[in-house]
Number of protein chains: 2
Amino acid sequence: MKATGKPTINDVARAAGVSKKTVSRVINKSPQLSEKTRKQVEKTIADLGFVPNLQARAFALRRNFIIAVIHDNPNAQLLVNVQQGVLEGIADTEFGLMVQPVDRTSPTIAEDIREFLERQRPFGVVLLPPISERDDLAELCREAGCRFVRMGSVKLDEAEHTVTSNDREAVREAVTYLIDKGHSRIALIEGPPGFTSPRERRGGFEEAMAQAGIAVDDELVKPGTYTFESGVNAGEELVRMTKPPTAIFACNDEMAIGAMIAARRNGLLIPEDISIVGFDDTPLSSHVWPNLTTVHWPIVDMARAAAKKIIGPPEQAASAEWLLPSTLMERGSVVPPKAK
Amino acid sequence: MKATGKPTINDVARAAGVSKKTVSRVINKSPQLSEKTRKQVEKTIADLGFVPNLQARAFALRRNFIIAVIHDNPNAQLLVNVQQGVLEGIADTEFGLMVQPVDRTSPTIAEDIREFLERQRPFGVVLLPPISERDDLAELCREAGCRFVRMGSVKLDEAEHTVTSNDREAVREAVTYLIDKGHSRIALIEGPPGFTSPRERRGGFEEAMAQAGIAVDDELVKPGTYTFESGVNAGEELVRMTKPPTAIFACNDEMAIGAMIAARRNGLLIPEDISIVGFDDTPLSSHVWPNLTTVHWPIVDMARAAAKKIIGPPEQAASAEWLLPSTLMERGSVVPPKAK
DNA sequence: TTGTAGGCGTTATCAT
DNA sequence: ATGATAACGCCTACAA
């Protein structure tokens with residue numbers, strides 16, 4: 001009768017003595033059903049061990065039960081954290097997780113994404129920075145009928161489609177923390193130009209300095225690209241200055257650790273000779289010595305929140321929290337500057 | 001006529017003046033079709049811009065066009081590399097990539113995987129180590145009607161279901177390289193007990209030493225867990241010995257770098273005072289200074305090969321290569337030992 | 001509140 | 001080699 005050996009909606013309908021539409025209504029938790037019928041059908045479902053066929057539902061609804069993470073981000077730890085967060089968000093549901101990298105520099109990126117969406121028809125999409133900032137790509141999701149959430153460092157869309165961290169505020173807090181420790185010659189290692197998160201982080205740095213009435217010394221602001229090497233390079237330049245900074249804020253942990261290596265290679269002790277603060281709170285930050293004081297970026301929480309917005313009712317997504325705060329993790333890489 | 005606005009197989013059939021089954025045969029490259037009909041239908045397909053609906057095909061075939069990576073592996077870089085490899089393998093096909101982590105320590109792992117396979121019905125599954133070693137989980141894939149490939153450090157299954165690296169041989173080569181440089185007091189930092197890859201890597205170490213007629217000094221074999229910290233700990237113990245080793249082989253890069261940190265913290269220069277070799281060739285190995293000499297683990301290639309085995313014809317999978325060689329990457333962390 | 005009829009887009013079966 | 005017809009399992013629209 002059934003090729004797969006599994007009961008279908010028809011089997012349930014027959015066994016329960018109702019139509020399959022009624023069974024369908026039970027599956028989909030339709031509100032207009034007598035309590036009696038619902039209970040009875042639910043019992044039959046349980047008795048038969050019926051599990052609705054996801055592919056058939058997907059076919060009828062023209063939507064797969066899948067959340068896709070679309071990204072153009074080379075950072076392995078970030079990706080895995082996002083995946084973990086999404087998986088937590090869809091735990092105990094019928095949803096699965098797909099991953100689709102794209103090439104930001106490709107002229108066909110929009111076409112590539114459209115094709116992906118039309119092929120796989122994911123229920124929803126999580127867009128990671130930096131491509132989450134592109135309105136045209138978000139529009140693509142809307143056109144394809146996908147729910148979507150854009151992750152970033154600033155609010156990119158309506159609450160329904162946004163999950164962000166408050167990088168600016170968190171950095172301001174971190175730099176203020178350095179200032180409160182007594183530092184005033186504070187260096188900044190920037191992130192790659194042209195992206196929002198580095199800009200926000202730099203903004204927070206400047207705000208903290210301005211708030212404390214300290215002028216930002218351009219000599220102490222070094223470019224970086226979020227890579228370990230760029231942190232080493234910037235660190236080298238900083239510690240070799242005739243009057244080096246007493247503290248460094250790096251826009252991510254990898255660069256902060258690069259700067260640590262550079263400082264140490266030049267004979268400086270950390271934190272005694274120079275304090276260092278990072279951003280992200282990657283596992284590495286607890287692995288180096290001294291443990292890196294850094295800003296915890298709640299990327300797992302953000303991804304979980306994004307997934308829940310997508311699979312939950314739209315009105316709930318609109319009212320749900322979209323700001324997940326970054327917070328300072330005080331560890332071992334900061335002390336007050338040496339008295340001169 | 002068509003709700004989605006897209007042409008369906010019916011539209012093609014009508015326009016081409018054939019039955020939809022014939023169109024289906026063209027889509028599926030059925031061999032028994034007259035060249036003339038095929039050409040004509042193909043032209044109609046192109047004219048109409050017809051793209052077969054993946055969900056409908058999936059429904060009819062009871063298989064989604066998806067490759068799932070099932071894993072219980074905490075290493076972010078490994079996961080991302082595997083994902084990249086699989087994506088390369090399915091590039092320009094209609095397949096997508098799903099990711100499903102599982103908990104190795106959970107008693108319900110088999111049930112969890114079965115449920116996932118029955119829910120999402122992936123076309124194929126890539127099993128990562130260490131769970132790829134469990135025959136019962138592979139059997140689960142077979143029962144669920146999924147193609148599958150098991151990745152590992154030894155041949156775990158028939159060629160059709162296997163992609164492996166030759167860790168043992170590669171380590172033997174790496175340690176022989178150290179011996180050829182003049183080292184004889186060579187330490188080993190092991191991987192976590194109970195898994196195959198650490199066992200193979202240790203085996204390669206022992207074989208190289210035996211081949212050179214050097215007895216393995218148990219004092220110089222330290223346990224590790226593949227983590228940075230365990231490398232630091234093992235490294236500390238080794239360099240503090242009254243007669244420390246002149247070289248260390250660590251079973252992965254993270255531990256090798258941990259050992260580098262430990263050595264340097266104890267006043268040793270690398271490679272002058274102590275040579276270090278790792279395994280994996282993670283990005284980090286080219287980021288530290290000196291660049292780490294390490295064994296390149298071809299994980300991306302392995303994953304690509306796995307994906308191709310899965311989506312290609314079975315007979316091809318059986319005959320395709322299943323062994324991807326690991327090779328030594330000579331960089332800056334090895335020199336001959338100091339003359340006494 | 002519940003049921004009937006029909007459709008979603010493809011593949012499989014079995015003719016011809 | 002090709003076609004007619006019936007699945008596949010669910011959902012929507014409309015009717016009762």
Side-chain angles (χ1 to χ4, degrees), chain A residues 1-42 44-45 48-66 94 118-121 123 145, chain B residues 1-42 44-45 48-66 94 118-121 123 145:
Chain A
M1 184 170 310
K2 340 142 214 176
T4 63
K6 290 172 172 297
T8 74
I9 198 171
N10 283 312
D11 299 317
V12 176
R14 199 177 314 122
V18 299
S19 75
K20 55 185 189 173
K21 180 60 211 177
T22 300
V23 179
S24 171
R25 289 196 176 97
V26 172
I27 296 170
N28 294 292
K29 305 191 193 310
S30 163
Q32 50 214 37
L33 261 178
S34 78
E35 199 54 31
K36 181 164 160 268
T37 313
R38 153 167 293 127
K39 282 274 195 299
Q40 178 199 346
V41 173
E42 277 173 349
T44 310
I45 287 176
L48 266 53
F50 166 68
V51 179
N53 180 316
L54 215 55
Q55 290 175 299
R57 300 187 71 194
F59 179 45
L61 291 169
R62 294 175 187 71
R63 280 290 126 220
N64 277 313
F65 289 84
I66 282 176
E94 46 208 342
E118 286 179 357
R119 263 199 204 303
Q120 296 292 348
R121 301 213 191 171
F123 185 87
Chain B
M1 183 168 310
K2 339 139 209 174
T4 63
K6 292 172 172 295
T8 73
I9 199 170
N10 283 311
D11 299 317
V12 177
R14 199 176 315 122
V18 298
S19 76
K20 56 185 187 174
K21 180 63 207 177
T22 300
V23 180
S24 172
R25 289 196 177 97
V26 172
I27 296 171
N28 292 292
K29 305 188 193 309
S30 163
Q32 49 213 34
L33 261 178
S34 79
E35 200 53 31
K36 180 163 161 270
T37 314
R38 152 168 292 127
K39 282 271 198 281
Q40 177 200 347
V41 173
E42 276 172 351
T44 311
I45 287 176
L48 265 53
F50 165 68
V51 179
N53 180 316
L54 215 55
Q55 290 176 297
R57 300 188 72 193
F59 179 46
L61 292 170
R62 293 173 187 72
R63 279 289 123 225
N64 278 313
F65 289 83
I66 283 176
E94 46 209 340
E118 286 179 357
R119 263 199 203 303
Q120 297 291 348
R121 300 214 192 171
F123 186 88

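Order of the sequence lines fixes the chain letters, A, B, ..., with proteins taken first and strands second; residue numbering starts at 1 for each chain.
The distance from atom CZ of B:Arg14 to atom C1' of C:dG9 is 13 Å, rounded to the nearest whole Å. Rounded to an integer number of Å, the gap from CZ of A:Arg63 to P of D:dG9 is 23 Å. Separating the CD atom of B:Glu118 from the P atom of D:dG9 is a distance of 14 Å, rounded to the nearest angstrom. Distance CG (A:Leu54) to C1' (D:dC8): 15 Å, rounded to an integer number of Å. The nearest whole Å value for the distance from the NZ atom in B:Lys20 to the C1' atom in C:dG7 is 11 Å. Put simply, CG on A:Asn64 is 14 Å from C1' on D:dC10, counting in whole angstrom units. Here the C1' atom of nucleotide C:dT11 and the CZ atom of A:Phe59 are 11 Å apart, to the nearest Å. Rounded to whole Å, atom C1' of C:dG9 lies 7 Å from atom CG of B:Asn10.
Of the inter-residue distances, the one linking B:Arg121 atom CZ with B:Asn64 atom CG reads 8.5 Å to the nearest 0.5 angstrom. For the atom pair B:Arg62 CZ and A:Asn53 CG, the distance stands at 8.5 Å (nearest 0.5 Å). Atom-to-atom distance recorded for A:Ile45:CD1 and A:Gln40:CD is 11.0 Å, nearest 0.5 angstrom.
Where A:Ile27 and B:Arg25 each meet DNA chain D at their nearest nucleotide, the meeting point lying more 5' is that of B:Arg25. Across the interface with DNA chain C, nearest-nucleotide mapping of B:Ile9 and A:Pro31 shows A:Pro31 to be the residue nearer the 5′ end.
B:Lys21 contributes no side-chain N or O that forms a donor-acceptor pair with the base of D:dA4 under 3.5 Å.
The phosphate of D:dT2 has OP1 or OP2 within less than 4.0 Å of a side-chain N or O from B:Thr37. Taking side-chain N and O atoms only, A:Asn53 has no distance below 4.0 Å to OP1 or OP2 of D:dC8. A:Ser19 has no side-chain polar atom (N or O) that falls below the 4.0 Å cut-off from OP1 or OP2 of C:dT4. Side-chain nitrogen and oxygen atoms of A:Thr22 include none within less than 4.0 Å of the OP1 or OP2 phosphate oxygen of C:dT1. Phosphate proximity of C:dA12 to B:Ser24: absent, as no side-chain N or O sits under 4.0 Å from OP1 or OP2. For the pair A:Arg62 and C:dC8, the criterion of a side-chain N or O lying under 4.0 Å from OP1 or OP2 is not met.
Of the listed nucleotides (D:dG9, C:dT10, C:dT11), D:dG9 has the atom at the smallest distance from the side chain of A:Thr8. Among D:dA1, D:dT12, C:dT10, the nucleotide with an atom closest to any side-chain atom of B:Ala56 is C:dT10.
Across all non-hydrogen atoms, the minimal contact from B:Val18 to B:Val41 is CG2-CG2, 4.1 Å. Of all heavy-atom pairs between A:Leu33 and A:Arg38, the closest is CD1-NH2, 3.8 Å.
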